[in-house]
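Here the structure is laid out as structure tokens; the discussion comes afterwards.
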Protein chains: 2
Amino acid sequence: MQEPSGRPVTIAQVARDAGVSIPTVSRVLNGSAPVAEETRRRVDASIERLGYHPNPMARGLSRGLSDVVLVILPNITQPSVNLRLAGLISVLRETPYELTLVDLEHPDSERKRHLADIVARHHAAATVIISLPPSTADTLQLLRQAAPVVLVDVRSDAFPGDGIDDIAGGMIATRHLLGLGHRRIGFVGDAEDRFIGNPASANRRHGYEQVLFDAGIDIRPDDIALAPHGMDTAKAAALDLLDRSDRPTAVFAASDVQAFGVMDAARSLGLDVPGDVSVVGFDDIVTARLVGLTTVRQHLEVSGVRAGLRLLELLGQPLPFEMPEFPELELVTRSTTASPGDAHPIRSMAAALTGAAASEKEVSTAFDPAFGRDERIPRRK
Amino acid sequence: MQEPSGRPVTIAQVARDAGVSIPTVSRVLNGSAPVAEETRRRVDASIERLGYHPNPMARGLSRGLSDVVLVILPNITQPSVNLRLAGLISVLRETPYELTLVDLEHPDSERKRHLADIVARHHAAATVIISLPPSTADTLQLLRQAAPVVLVDVRSDAFPGDGIDDIAGGMIATRHLLGLGHRRIGFVGDAEDRFIGNPASANRRHGYEQVLFDAGIDIRPDDIALAPHGMDTAKAAALDLLDRSDRPTAVFAASDVQAFGVMDAARSLGLDVPGDVSVVGFDDIVTARLVGLTTVRQHLEVSGVRAGLRLLELLGQPLPFEMPEFPELELVTRSTTASPGDAHPIRSMAAALTGAAASEKEVSTAFDPAFGRDERIPRRK
DNA sequence: TTGTATGCGTTATCAA
DNA sequence: TTGATAACGCATACAA
């Protein structure tokens, strides 16, 4: 406890204090070679008394590899991203690795575009990239470096990581609405970024379009509204969609956050949900249950956990626990969807109000019962 | 682009490639000394061609200080914590500092208790501690080390950082309910952790108790329910509170997340909010608006921004922008509170349903108009 | 079982 | 304006 104020204690000070050489201290620190019991005790005592902690930079330099895992993500306040990160953290917590966080926030901005450069700059032991698809150039450069890369929420032939089948997810949501009898179904999703954008929203839309096409339903161009990701931007987009006499009777939003924006828009227009408009989201974030949102559930935290475990495998580290299965998408039916005929304002108000209560008995089905298992669903491996 | 596969390029390789000495490369890298224009160009070309990036560990070792800012927080999925962190990130993004994240997740667990040890282990340039009050022992140890420490959401004489006046916040919320005519007001907050717990919940409760005391109202012990922080735990606690015939007519929750739990509990009991129970939260997180929650707004992101700027000051770095004021607490009145007499189920359902719409015209007042500015409010400086 | 010597990649202090 | 040379704190090969 007599730690000299100011600069940190070094291994040399410990060695001097214990009356041994530096490598001996290093040996008791790392157990890299046998040390006499008596010596070890003296060293341990000095370490304790001086309050010594090895300098990670020196250690990393000497060993030729750092103990940091670099995590790059688009925006930590986005609930889906946040949950994936939480899953990853829960794994790394059980390991000697540190976590360095890079939040791009505006991944589309010019100077932040080069994932590979960010990775190169950090000299980390490994990198996890969440919800950001590397460009071709990034991929080539990332493959050339030695440190492993794991992707979350993105599919790639170049790197390990699991992405969900967004197309199938879009189909699940749309089939649900179709099964309820809706024929005019709108879509609210991400404005596409040609360069670095996550294709999830676009793929969910493809699923939506496919199902409507198969059902022989034409999609009106103005039933699709795109905006940068976020609740307020989605609300604005949804206003375009809903503030018309010939509005759709249902909306599929590419994420729960955007579904919230749609609900907000509906309410500000005096439209009842689901009386006047049904809304389906995607993700099943924590607050979805609170507002009774019907949504397609994906297991966000598990994706982070699996990424962490994959990383440890690649680093040759023992896994703190077994790799969990990656659960399939499933529809969670709550109270923001109903048949278009069921427009009993008061009753549906009551239903929405008790939405959270209803969620306790909520039904989860991978596919809408009205359709059952459908073999035509294209399962991308 | 011909970067040799495998290990990263070193400064030595660049020097050889450019036909200069290592220190010369270092000079063009850091501009630490004049370099001939012609030489500089050759070096820059080599750097570009080899894809060289300085090794941060070596750089840190040599300079005697790292470029990482250590951030310690209790749980990144907690919306308030998440937003504070986002504010901090937005500042650090404009600087050369990296961010290393330590998420304690269960700060009460034995082995994770010693903030000072975590700090010592990392040898960071500076540390930010979010929503975790250092113990006395931690404080002493943290003061002894050279790297600056900034707190967020915690007040301390030892370290800079701003915490809000939680007692006043609790008073604002309780006065609002009192002004509506409630006389039986419950409280749902954090179960207290004697060692490392954040005192925010307890202080908000003190404000609540003070206001009721001043109003001559006795608080029944079973009108106060405490549970570990979280929506589900708060729901369970609220069930104890509300599943009685003599339940309170209003509940003040120590955070929005807990208010959500209370609302969930009310709904699962078939109670209308605000018809049967009014609910007030604390924080005004993003989703509060969505569900129309009346709450005490604090500016979470600003707290992170200010912490980041304080840090830069302490590190002698230029500030990327001016230090924003720290806004005062304010009551945001939405649709989860009403007078206890106003129990018109259908009407209040409709009100709740259109809560988000109502939020567009929401009234923000620092104090309930019924009370006006109250000089008796103890302002802890 | 322990100590000596060397190297990790970079910056800083000198001379030249 | 540039190049030797010596740190920075630690780990490892080798010798004792």
Side-chain angles (χ1 to χ4, degrees), chain A residues 4 6-44 46-47 50-68 96 120-125 146-147, chain B residues 4 6-44 46-47 50-68 96 120-125 146-147:
Chain A
R7 305 213 325 289
V9 182
T10 69
I11 197 175
Q13 298 177 44
V14 174
R16 195 176 320 122
D17 186 81
V20 298
S21 71
I22 291 178
T24 295
V25 177
S26 178
R27 286 176 197 117
V28 344
L29 245 34
N30 307 307
S32 48
V35 174
E37 186 51 33
E38 146 76 15
T39 310
R40 145 168 289 116
R41 261 207 302 279
R42 276 216 318 284
V43 172
D44 278 336
S46 293
I47 289 175
L50 299 178
Y52 168 74
H53 295 275
N55 183 323
M57 295 182 294
R59 188 195 281 260
L61 224 211
S62 180
R63 291 210 286 227
L65 45 80
S66 88
D67 63 343
V68 341
R121 249 191 288 285
H122 282 78
H123 292 241
Chain B
R7 305 214 324 290
V9 182
T10 69
I11 197 175
Q13 297 176 44
V14 174
R16 195 175 322 122
D17 184 81
V20 299
S21 72
I22 290 179
T24 295
V25 177
S26 178
R27 285 176 197 116
V28 345
L29 245 33
N30 307 308
S32 47
V35 174
E37 186 52 33
E38 145 77 14
T39 310
R40 146 169 288 115
R41 261 208 300 280
R42 276 215 319 283
V43 172
D44 277 336
S46 294
I47 288 175
L50 299 179
Y52 167 75
H53 294 275
N55 183 324
M57 295 183 292
R59 188 194 283 258
L61 224 210
S62 180
R63 293 210 282 226
L65 45 79
S66 88
D67 63 344
V68 340
R121 248 191 289 286
H122 281 79
H123 292 240

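Each chain gets a letter, A, B and so on, in the order its sequence line appears, and its residues count up from 1.
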Letter per nucleotide, 5' to 3', of nucleotides 8-16 of chain D [B base touched, S only sugar-phosphate touched, - untouched; heavy atoms, 4.0 Å]: BBBBBB---

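One can place CD of B/Gln13 at 14 Å from C1' of C/dT10, the figure rounded to the nearest angstrom. Atom pair A/Asp67:CG and C/dC8:P shows a separation of 20 Å (rounding to whole Å applied). Taking atom CG of residue B/Leu50 and atom P of nucleotide C/dG9, one finds them 15 Å apart after rounding to whole Å.
A search for side-chain contact (heavy atoms from CB on, under 4.5 Å) contacts involving A/Thr10 returns A/Ala12, A/Gln13, not counting sequence neighbours. By the side chain to side chain donor-acceptor pair (under 3.5 Å) test, A/Ser32 pairs with no residue at all, sequence neighbours left out. Scored by the side-chain contact (heavy atoms from CB on, under 4.5 Å) test, B/Pro54 finds B/Leu29, B/Tyr52, B/Arg59 as partners (sequence neighbours excluded).
Between the side chain of A/His123 and the backbone N or O of B/His53 there is at least one donor-acceptor pair closer than 3.5 Å.
Atom CD1 of residue B/Ile11 and atom OG1 of residue B/Thr24 lie 9.5 Å apart, to the nearest 0.5 angstrom. One distance of note links CG of B/Asn55 with OG of B/Ser62; it measures 11.5 Å at 0.5 Å rounding. Atom-to-atom distance recorded for B/Leu65:CG and A/Met57:CE is 7.5 Å, nearest 0.5 angstrom.
Listed by first and then second residue, the salt bridge (charged side-chain N to carboxylate O under 4.0 Å, His left out) pairs involving residues 11-39 of chain A are A/Asp17-A/Arg49, A/Glu37-A/Arg41, A/Glu38-A/Arg42 (not counting sequence neighbours).
Counting non-hydrogen atoms under 4.0 angstrom, A/Ser21 reaches a base of the nucleic acid.
Using a 4.0 Å cut-off on heavy atoms, none of the residues of residues 33-40 of chain B approach DNA chain C.
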